[in-house]
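Written out below as structure tokens is the structure these notes cover.
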Amino acid sequence: MTTDTSGDGWALGLEMATLPCGTIVGHGGGTPGYRTISFPALDGIRQVTVDWTDWGTDASPATLALMTAALCPS
């Protein structure tokens with residue numbers, strides 16, 4: 001067994017993200033130059049999938065804002 005210590009993870013594992021409405025569980029991945037994440041809402045009614053071209057910039061703030069708008073009830 002190999003342990004990935006890079007921080008990016010690999011394989012078909014689940015990821016957690018903390019939003020203002022709670023912790024959600026989904027999956028992300030990518031290939032060189034591309035990233036994708038997909039998370040369902042806590043109520044199971046909505047889901048958001050984000051795909052972007054990864055040019056080495058931090059897309060986390062924009063991605064988190066989009067996920068919050070899509071998944072947290074207003």
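Within the 4.5 Å cutoff, the side chain of Phe39 has heavy atoms near those of the Met67 side chain. Counting heavy atoms from C-beta on, the side chains of Thr49 and Ile37 never come closer than 4.5 Å. Looking at Thr36 and Val50, their side chains never come closer than 4.5 Å, going by heavy atoms from C-beta outward.
Leu42 and Val25 sit in two unconnected hydrophobic clusters of ILVMFWY residues. Membership requires side-chain heavy atoms under 4.5 Å apart, directly or through other members. One hydrophobic cluster, built from ILVMFWY side chains closer than 4.5 Å, holds both Met16 and Leu14.
Closest approach of Asp54 to Arg35, counting heavy atoms only: OD2-CG, 3.6 Å.
The side chain to side chain contact (heavy atoms under 4.5 Å, CB included) test applied to Cys72 returns Leu19, Pro20, Cys21, Thr68, not counting sequence neighbours. Scored by the side chain to side chain contact (heavy atoms under 4.5 Å, CB included) test, Thr18 finds Thr23 as partners (sequence neighbours excluded). Residues satisfying the side chain to side chain contact (heavy atoms under 4.5 Å, CB included) criterion with Asp43, sequence neighbours excluded, are Ala41, Ile45, Arg46. Residues meeting the side chain to side chain contact (heavy atoms under 4.5 Å, CB included) test with Thr31, sequence neighbours left out: Tyr34.
At distances below 3.5 Å, not a single donor-acceptor pair connects side-chain atoms of Glu15 with backbone N or O atoms of Gly26.
Among residues at least two apart or in separate chains, there is no disulfide bond (SG atoms under 2.5 Å apart) pair with a member in residues 27-68. Residue pairs meeting the disulfide bond (SG atoms under 2.5 Å apart) criterion with at least one member in residues 35-64, sequence neighbours excluded, do not occur.
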